[in-house]
There are 2 protein chains.
Amino acid sequence: MSNEAATTGEARLPLGLFVGIDRSSPVPLYHQVSERIEKAIRDDTLPAGSKLENEISLGHRLGLSRPTVRRAIQELVDKGLLVRRRGVGTQVVHGPVTRNVELTSLYEDLERSAQKPTTTLLSRRVEAATPELAETLGIEVGSPTLHISRLRSADGVPLAVLDNVLPEPFVELTEDELIQHGLYQLLRARGVTMRIAKQRIGARTASREEERLLDLSGGAAVLTMSRVAFDATGRAVEYGRHCYRPDLYTFEITLVER
Amino acid sequence: MSNEAATTGEARLPLGLFVGIDRSSPVPLYHQVSERIEKAIRDDTLPAGSKLENEISLGHRLGLSRPTVRRAIQELVDKGLLVRRRGVGTQVVHGPVTRNVELTSLYEDLERSAQKPTTTLLSRRVEAATPELAETLGIEVGSPTLHISRLRSADGVPLAVLDNVLPEPFVELTEDELIQHGLYQLLRARGVTMRIAKQRIGARTASREEERLLDLSGGAAVLTMSRVAFDATGRAVEYGRHCYRPDLYTFEITLVER
DNA sequence: TAGTGGTCTAGACCACGCT
DNA sequence: GCGTGGTCTAGACCACTAT
């Protein structure tokens, strides 16, 4: 008998698809390795249920230390693509491989899925922060904040109403900028890197105004998301209250138990 | 000038609140450390914006290696409680500290928030898997599956309609069990540990039946969640399609950019 | 008993942000 | 230039699973 497929998977060595790993690249070794394994999984080169080589042996063959290989594998475990079991090994997860919700904006989500996002600016005004808003954003009561309301469409179809508030450093964002680009693009261009976002997802019945904007008929449901986003220094940079047409937008999340 | 508060935070050494760290405990050192730091943050012993001691020095004082301390800190960065910046240091995040969505069931969420969950079993039947269902769960077409529909209430108020499908090993779950316990409790009691869940969150208008069950008036919105959960071996153990009263339930999520 | 992942150590060098 | 976190190494021992 050859060593063909066991019941669930086969202990097969991933081949030399690790060519081109570059020690002098700015991208970390563990990430280069993890990228290549992820590609193999999405290729079906590593089919669902198949077993990976063990960490030490793989590290040895790649000329990498065990912690480095381990970290590469951990990245994919955290993404929900691999499962590790002590005393057994590492396997490709069963079930369809999906992508996770990331710290991105709707604008970028749309661009990535090859839809053409457009923005209508419904309003733009500068207001003094109320006590609640100051609490949410961690700023002084009464300090200037930029309130914007936008309608976001994809391929010409209205998709979401986006209300956002931004603290002082960003009040000078112009109407043109807000129409031409996504909010996160504009912030990034100003040197802001988003690090943490706290979101709350819910639902409710659409208001008259939302029905009109989103081209919904009477009493329709909308999906809502409110979010506070923080930059690398831990300071709040954005507060948003969005509502989406539920037939055109959903949130996808992968949870992994550590 | 004393070394009192700088602009944003103070470089202060966390004290010996690390007493009781137990090297022989089955709980890893990095987790024991991370628990204590998390407690200090939630206590406000470490206020928002305050700076942590650097990794090497902290490790030295605790008698731990740098990788161990680093991993402890990383846990809290992943939870969104700390922010690290190269060349600067580690700080407690600004903004309210919240808890994250975890891989738990509604039943456990309710118990944790000290509400009393009750279950009404609406239906329970065993059916052969359709091709779509077989695809979703990664099982054979035509193999037996348990379909259950439940109404979940909290403190007597109807909260959600839960439709679930379970594969072969669980078809023998009885009506009594399903009424008395949460689904995840029952699975855990059968030796199943959930590892990965893929969720899709959306919204829609409630059906007549859902309005009646959830005590909603005409044309109300519901929050929907469908989920496939996998165990440690990567096999699907549950498929669920749930709908929630949006005035009583929302999803909270913390996203962290790595 | 053999093999796996889980944890931990004690170093090293580098990239980056601040002063 | 100095201090920080970011990466990487080469070992070690342990806990768990399968046979």
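Below, read A as the first sequence line, B as the second, and so on, with proteins coming before strands; counting in each chain starts at 1.
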Query - Nucleotide nearest Ser65(B) (side chain, heavy atoms from C-beta), chosen from dG5(C), dC8(C), dG5(D) - result: dC8(C)
Query raised in the report: If you measure from NZ on Lys79(B) to CD1 on Ile196(A), what distance do you get to the nearest 0.5 Å?
Result: 13.0 Å
Report summary line: In Arg86(A), Arg61(A), Arg71(A), Arg70(A), the residue satisfying salt bridge (Lys or Arg N to Asp or Glu O under 4.0 Å) with Glu55(A) is Arg70(A)
Report task. Answer yes or no: does a side-chain N or O of Thr90(A) lie under 4.0 Å from OP1 or OP2 of dG5(C)? Result -> yes
Requested in this report: Output yes when at least one side-chain N/O atom of Thr68(B) is less than 4.0 Å from OP1 or OP2 of dT7(C), else no.
Outcome: no
Report task. Determine whether Glu127(A) and Leu133(A) make a side-chain contact, defined as any pair of heavy atoms from C-beta on separated by less than 4.5 Å. Result -> no
Requested in this report: For the side chain of Arg84(A), starting at C-beta, report the closest nucleotide among dT4(D), dG6(C), dT9(D).
Outcome: dG6(C)
Query raised in the report: Distance from Leu137(A) atom CG to Ile139(A) atom CD1, nearest 0.5 Å?
Result: 5.0 Å
**Report entry** Within residues 21-34 of chain A, residues whose heavy atoms come under 4.0 Å of DNA chain C
**Finding:** none
Requested in this report: Pick base, sugar-phosphate or nothing for Arg70(B), based on heavy-atom distances below 4.0 Å to the nucleic acid.
Outcome: base
Query raised in the report: Do the non-hydrogen side-chain atoms of Thr136(B) and Val228(B) ever get within less than 4.5 Å of each other?
Result: yes
Requested in this report: Would you check if Asn164(B) and His242(B) make a side-chain contact, meaning some heavy-atom pair closer than 4.5 Å?
Outcome: yes
Requested in this report: Measure across Glu140(A) and Ser143(A) and return the closest heavy-atom pair with its distance rounded to 0.1 Å.
Outcome: O-OG, 2.9 Å
Report task. Measure the shortest side-chain to side-chain distance between Phe251(B) and Gln199(A) over non-hydrogen atoms and say whether it is less than 4.5 angstrom. Result -> no
**Report entry** Terminal helix-axis angle for the helix from dT1(C)-dA18(D) to dC18(C)-dG1(D), with five pairs defining each axis and rounding to 10 degrees
**Finding:** 10°
Report summary line: From the list Leu166(B), Val192(B), Leu173(B), Thr174(B), side chain to side chain contact (heavy atoms under 4.5 Å, CB included) with Leu186(B) holds only for Leu173(B)
Report task. Would you give a per-nucleotide map of nucleotides 13-19 of chain D, 5' to 3', where B means the base has a protein non-hydrogen atom under 4.0 Å away, S means only the sugar-phosphate does, and - means neither? Result -> --BBB--
